[in-house]
Structures are given as structure tokens and as C-alpha cells.
Amino acid sequence: MTAILEQIKTKVTSALIKAFGEEMKAIDPLIAGTNNPKFGDYQSNVSMSLTKKLKKNPREIAQEIINNLDITDLCETPEIAGAGFINFKLKINYLETKLRTMQKDSRLGIEKVNQPQKIIVDFSSPNIAKEMHVGHLRSTIIGDSIARVLEFKGHQVLRLNHVGDWGTQFGMLITYLKEVYPSALTTADALDIGDLVTFYKQAKQRFDQDETFKETARQAVVKLQAGDEESLKAWQLLCQQSRREFQVIYNILDIHLNERGESFYNPFLPAVIAELESQNILQEDDGAKCVFLEGFTNKEGNPLPLIVQKTDGGYNYATTDLAALNYRIKEDQASRIIYVTDSGQSNHFAQVFQVAKKAHILPEKIEVTHVPFGLVKGEDGKKLKTRSGETIKLKDLLSEAIIYAQKDLETRLKNEERNETDDFIQNIAKTVGIGAVKYADLSQNRTTDYIFSYKKMLALQGNTAPYMLYAYVRVQGISRKGNIDFENLGENAKIILKEEQELILAKHLLQLEEIINEVEKDLFPNRLCNYLFELSQKFNIFFENCPVLQSEDTVKTSRLLLCDLTAKTLKLGLSLLGIPVLERM
RNA sequence: GGAUGCGUAGCUCAGUUGGAUAGAGCAACCGCCUUCUAAGCGGUCGGUCACAGGUUCGAGUCCUGUCGCAUCCGCCA
């Protein structure tokens with residue numbers, strides 16, 4: 001089943017060719033949804049754009065397009081309006097049969113892509129020996145949703161957790177632990193992860209202040225990178241412990257990832273340098289090996305280098321990223337690579353990609369995309385911190401959301417004099433709490449900073465997870481009350497669209513595929529959120545105005561089908577955001 | 001100084017390759033539960049789309065400049 005927009009596009013294009021010749025093949029027919037029902041459901045803006053080319057007035061062009069258009073299966077006769085807009089109004093019986101087809105299909109009529117791509121989504125990426133904190137929230141949630149959408153479309157997705165398990169930080173930590181807590185380097189779990197973080201901070205302080213310590217730490221990195229056994233053992237212990245901690249969070253969030261940290265690429269780093277050298281783009285500057293960049297300058301206006309090997313011989317993250325890119329293209333055979341990191345790294349990625357292109361590591365046909373996102377800020381508009389100024393641990397943030405949701409629920413149960421089991425309450429609190437955190441993040445255009453507020457994300461009205469979940473619950477309420485089995489409404493059950501509210505809901509339901517295709521292409525999950533919010537609103541209006549169970553048979557069946565399709569759409573849409581639904585709440 | 005992003009209603013934000021009258025939610029005020037979960041629905045109020053030019057049939061959207069905010073800027077990742 002092809003999205004309606006695509007079908008109209010194809011038909012208008014062939015009408016253009018018929019009317020004005022083969023050269024119209026390259027012209028985008030400029031089809032878009034209308035912003036006002038009086039203009040129908042879709043419009044083409046192409047006539048206005050062709051006036052110069054064809055030396056005719058736009059309404060004339062529009063008329064010729066319509067004369068050559070074969071669209072009677074989809075739409076009423078198109079009308080010309082305003083400056084030369086062509087308005088398309090979908091036929092009701094077309095809507096009815098198409099909706100029924102969707103409702104019967106487990107994928108709701110959405111086809112998988114013809115040519116699946118191998119796509120890498122690089123997201124989450126916490127640092128070993130540190131706890132996951134609020135800074136990892138967005139990458140984890142947005143990356144997961146993007147991966148889910150691409151997987152649903154049938155692509156082969158490799159979800160990579162590029163954990164920070166290598167580099168200067170380990171030299172620092174190992175050197176410091178050797179001094180103050182040597183058993184942590186030889187015994188598993190000798191330290192609590194929280195203490196490890198404390199030691200890490202102290203190590204960082206020493207590193208910044210104490211030159212001798214700095215030098216020892218640097219040597220420790222070199223030793224580690226050279227494969228020193230004692231260092232490797234210590235490093236592995238720290239990694240294992242962190243890994244288990246991360247997994248707790250991933251379990252709560254229901255996120256699956258393949259860990260492939262920076263260390264994985266360690267063996268390939270020298271080859272990167274050799275490659276850059278052989279292509280004559282490597283230069284030495286102040287003892288460091290660099291590639292000089294185009295379009296990046298320092299304060300004096302001189303070109304900025306990308307440093308790939310430090311004066312002490314160590315490698316840094318640019319080197320790792322180049323090696324990773326090379327590996328992902330050559331070994332993983334990825335044709336699209338997506339990096340979900342904060343927008344502060346935009347420069348870095350632009351630089352790495354530039355060098356990779358220059359060095360022929362990155363061919364033209366491979367699509368690499370940095371998917372940037374803004375900061376998480378507190379309600380005061382500043383970077384989110386605890387009251388005492390500490391970074392907020394992700395674990396704490398998530399449990400607080402669950403507690404908040406539970407309190408809300410318990411107040412409501414009390415007011416409504418409902419009695420529910422503890423299991424029921426726990427389950428709802430978790431689903432609503434975690435769903436709210438995810439949804440709040442995903443529903444905002446990711447490029448901007450976003451203000452984190454439990455109160456807003458858990459609000460029962462507005463563009464929030466609870467609102468969406470409630471719409472779903474309402475449908476389930478109908479089936480419970482009426483003892484309805486949605487899967488057994490009869491093969492001949494029909495959707496009949498009569499009321500205004502039914503039509504509005506129906507037309508919106510049909511847009512799902514267009515939206516998912518957009519997210520697949522542009523990687524903005526907030527479009528999907530917006531769609532689901534509008535769907536919920538439209539369903540609620542339908543629910544208020546169109547009684548289901550009390551209606552006479554054919555109307556009742558038709559409305560039940562609409563309810564079911566709405567519920568299925570919400571469930572699928574939310575699942576692509578990583579949010580499960582509830583039967584009751 | 002340079003790079004990138006942002007500036008839309010009192011607040012939080014949408015706004016699709018430029019398209020017809022710029023949209024939600026919150027807040028404020030007014031209505032609707034003997035009917036499928038009122039965690040809902042309807043209504044009222046609220047805008048020089050930062051500012052100034054430009055491009056064109058048409059600009060919140062594209063270009064130039066100005067102002068403001070944020071993030072980043074050679075050996076951390």
C-alpha cells in the first residue's frame with residue numbers, strides 16, 4: 001500500500017508529462033496536505049511554479065493538468081482555487097476500503113522498503129567508570145526511537161553503543177587508584193560504582209593540578225594502549241562493573257544495544273595514521289600529527305588542525321572516530337551511519353567527516369549523518385543539576401518519574417474510590433513515568449534545548465504520554481464494556497463514514513505512513529509524536545460525539561473498526577517511540 | 001575573533017521540498033458527567049513570527065546585515 005501522498009504525486013507527474021511533455025518528469029508536482037478542509041485534503045502548488053517555464057497563467061496550467069489527470073479512483077474531480085492551487089478531495093468509499101485494509105493488516109498497510117539498507121545507529125555511549133547521567137538521556141531515547149523506526153521499515157540496523165572505555169581518563173583513574181585504593185585494580189567490585197565516580201573526580205582534579213601526576217597518567221594510557229597485562233586486567237574489571245550498571249538502566253528503558261567501545265578500534269589506529277600519511281595529508285605541528293582543515297580557523301584566521309596523534313604518541317577521539325568510520329564502512333558494510341550526540345559535537349563531526357572524505361575513507365555514496373540534539377535544562381533555564389549542584393544520575397531521574405506518576409495515580413484512585421492491586425499500581429506508574437520521560441524528550445524538536453519538568457511531562461492534558469495512553473485506554477474500555485473481540489467483527493464488517501468527526505479521524509489515520517516515511521528520512525521523531533497527539537485529539541472528539549455501543553448494528557460495527565484502528569495506530573506509533581501501551585489506567 | 005544552532009501568544013513549544021486566514025498545550029475566564037474511563041470535550045482571551053533590507057506570483061520558512069541567547073573552538077571525549 002503506497003502512501004496517498006505518493007500516489008497523488010505519481011498521478012500528477014504523469015498528467016504533467018501528458019500535458020506538457022517529457023521534460024516534466026523532473027518537476028516535483030509539489031503535493032502537500034491542505035491546512036484547511038475547505039481546500040480538500042491535498043493540494044498541488046505546481047502550477048504557480050511553472051508559469052515562467054510554460055509562459056501561461058497558473059490557472060490555465062492547472063486546468064490542463066486536471067484535463068490529463070486520471071485520479072477518479074482516489075479523488076473527486078479536482079478543483080482549481082486561488083492563484084492556481086489544485087485541490088484534491090478524497091472519495092469517501094476510497095477512504096472506507098483503504099481503512100478496512102489497514103485495520104486487517106498487522107503492519108497497518110505500511111510496506112517495508114524495497115531495498116533494505118545496512119544502517120548503523122550510534123547512540124547512548126556512556127563512559128566506563130562513570131554513572132549514566134542526565135547527559136546520556138537524550139541520545140539514548142532519541143537513538144532508540146530512530147533505530148526502531150528504521151527497523152520497522154525493514155532496514156538492517158546495527159545499534160552501536162560506542163562507550164568511552166579508552167583514553168586519557170583511564171590513565172588518570174588507574175594511576176590514582178594505584179595510589180589510594182590498589183585493590184580496586186585487582187579485585188572485582190572492590191568499589192561501589194558511586195565511589196568509583198568520586199575517585200574519578202579526584203583523579204581529574206589531580207590531573208589538572210599536578211604535572212607529575214599528569215605525566216604518570218599519560219604513561220599509563222600508553223601502557224594500556226600497548227597492551228600491558230596488569231593495566232588490561234584493571235581496565236577489564238572496571239568495564240565489567242560499569243557494564244552491569246548500564247544494563248540496569250537499559251532494562252528499565254527497554255533499550256537494546258550492542259556494545260562496541262572505543263577500545264575496539266584500538267588495533268586499527270596506527271593504520272589510520274599510516275593511511276593519512278600515505279595520502280600526503282598529514283602534517284606535523286608542535287610535535288602533534290594533524291590534518292589541516294578547510295573552513296575552520298583559529299583566532300588569527302589560520303587553518304585549524306584535526307589532531308590525530310598527540311605529541312606523546314597517544315591517539316585521541318578523532319583518530320578513533322576515523323578508524324570507526326573506516327571499520328563501519330569496510331567491515332560492517334554500512335551504507336548509512338547515524339551519530340546521535342549532542343549538538344556541541346557538530347564541529348567535531350564536520351571535521352572528522354571532512355578528513356574522512358579527503359582521505360577516501362568516506363566515499364560519496366555512503367550517507368553519514370550527525371543527528372544533533374540540545375541540552376537538557378532545569379526549570380530555571382540552566383543546565384539540569386541537583387540542588388547541591390551535582391549532575392543528576394539517570395537512575396535517580398527515572399525513579400523519581402515513576403514515584404511522581406505513582407503519586408498522581410494514587411490520588412486519582414482515592415478520588416474515584418477505586419481499589420486496585422499493588423501490581424496494577426506499580427505497573428502503571430512505571431509505564432506512565434518512563435513513557436512520560438521518553439515522550440517529553442521525543443516530542444520536542446531535538447535541535448533545541450529542552451526544559452525538563454516532571455510536572456509538564458506527566459500532565460494529563462496536552463502533548464504528553466499520559467494523554468496518548470489514555471486515548472488508547474478509552475478504546476479498550478469500550479471493548480471491555482461491550483464484550484467486543486476486535487479480531488472477530490466478521491469478514492464483511494464495513495467502515496462507513498458519515499459524521500464529520502468520523503471523517504476527520506479517518507483521514508488522519510491514513511496519514512500514518514507518510515509520517516513514518518518522513519521520520520525514516522529526516523530523523524525527527526517529534527513529527528511522529530505530533531501525529532499521535534493529533535490522532536488522540538481527533539479520537540477524543542469522535543469519542544465525545546459518536547456513541548459506539550449504543551448505535552445500531554452497522555454503525556456500531558463501523559465505529560468499532562475505527563476505534564480498533566485508532567488503538568492499533570497508537571500502539572504501533574508509541575512502540576516506535578519505545579513506549580508500551582496499557583489496557584487500563 | 002571564528003563555527004554552529006536558536007529568537008513565533010504571558011509560559012512551554014509545533015509549524016513538512018517557500019503556499020491560501022501562523023497552530024497546540026499550560027495559565028486566565030465561561031460552559032458540559034442518569035450515556036463506552038471527565039486523565040475528556042466545547043468556548044472566550046491572547047501574535048509588528050527579534051529588527052532592517054532583499055529574492056518572487058507568494059516569506060515564520062530562502063539570502064544579506066544588525067541585535068540578543070546558547071553550545072563549541074590544537075594535543076579531554
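Naming: A, B, ... by sequence-line order, numbering from 1 per chain. Computed from a predicted model, the values in this text were never measured in an experiment.
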Exercise. So, is B:rG58 syn or anti if syn means the angle is within 90° of 0?
Worked result: anti
Seminar exercise, completed: Judged by whether its glycosidic angle lies within 90° of 0, B:rC33 is syn
For this session: Could you check if a side-chain atom of A:Val272 sits within less than 4.5 angstrom of a side-chain atom of A:Val308, using non-hydrogen atoms only?
Result: no
On the nucleotide [N], are OP1 or OP2 found under 4.0 Å from the side-chain N or O atoms that [X] carries?
| X | N | value |
| --- | --- | --- |
| A:Asn316 | B:rC76 | no |
| A:Arg446 | B:rC6 | no |
| A:Asn463 | B:rC13 | no |
| A:Asn526 | B:rG15 | yes |
| A:Arg218 | B:rC75 | no |
| A:Thr447 | B:rU4 | no |
| A:Tyr470 | B:rA38 | yes |
| A:Gln169 | B:rC76 | no |
| A:Lys52 | B:rC57 | yes |
| A:Gln537 | B:rG25 | yes |
| A:Lys310 | B:rC76 | yes |
| A:Asn540 | B:rC41 | yes |

Consider only side-chain N and O atoms of [X] and [Y], and report whether a donor and an acceptor are under 3.5 Å apart.
| X | Y | value |
| --- | --- | --- |
| A:Glu60 | A:Asn57 | yes |
| A:Tyr265 | A:Arg260 | yes |
| A:Gln345 | A:Asp342 | yes |
| A:Asn445 | A:Thr447 | yes |

For [N], which nucleotide is its Watson-Crick or G-U wobble mate, given both distances must be under 3.5 Å?
| N | value |
| --- | --- |
| B:rA24 | B:rU12 |
| B:rC45 | none |
| B:rU4 | B:rA70 |

Classify the nucleic acid contact of [X] as base, sugar-phosphate or nothing, counting any heavy atom under 4.0 Å across all strands shown.
| X | value |
| --- | --- |
| A:Ile541 | sugar-phosphate |
| A:Asn347 | base |
| A:Ala471 | nothing |
| A:Phe533 | sugar-phosphate |
| A:Glu518 | base |

For this session: Determine, answering yes or no, if A:Phe296 is stacked on B:rG2 under the 5.5 Å centre rule and the 30° plane rule.
Result: no
Exercise. Has A:Phe39 got its ring stacked on the base of B:rA20, with centres under 5.5 Å and planes less than 30° apart?
Worked result: yes
Can you tell me which nucleotide in [options] comes closest to the side chain of [X]?
| X | options | result |
| --- | --- | --- |
| A:Tyr467 | B:rU37, B:rG19, B:rC41 | B:rC41 |
| A:Ala32 | B:rG25, B:rG40, B:rU17 | B:rU17 |
| A:Asp449 | B:rA70, B:rA38, B:rU17 | B:rA70 |

Exercise. Do the two ring centres, one from A:His508 and one from A:Phe542, sit under 6.0 Å apart?
Worked result: no
Exercise. Can we call the ring centroids of A:His348 and A:Tyr317 under 6.0 Å apart?
Worked result: yes
Quiz question: going by heavy-atom distance under 3.5 Å, is there a donor-acceptor pair between the base of [N] and the side chain of [X]?
| X | N | result |
| --- | --- | --- |
| A:Lys377 | B:rU12 | no |
| A:Thr51 | B:rC57 | no |
| A:Glu534 | B:rA24 | no |

Rounded to whole angstrom units, what separation is found between the [atom1] atom of [X] and the [atom2] atom of [N]?
| X | N | atom1 | atom2 | answer |
| --- | --- | --- | --- | --- |
| A:Arg584 | B:rU37 | CZ | P | 11 Å |
| A:Leu409 | B:rU37 | CG | C1' | 13 Å |
| A:Tyr439 | B:rC13 | OH | P | 15 Å |

Problem set entry | B:rU4 versus B:rG43 - spacing of their P atoms, nearest Å | 45 Å
For this session: Please measure how far the C1' atom in B:rC45 lies from the corresponding atom in B:rA27, and state the result in whole Å.
Result: 11 Å
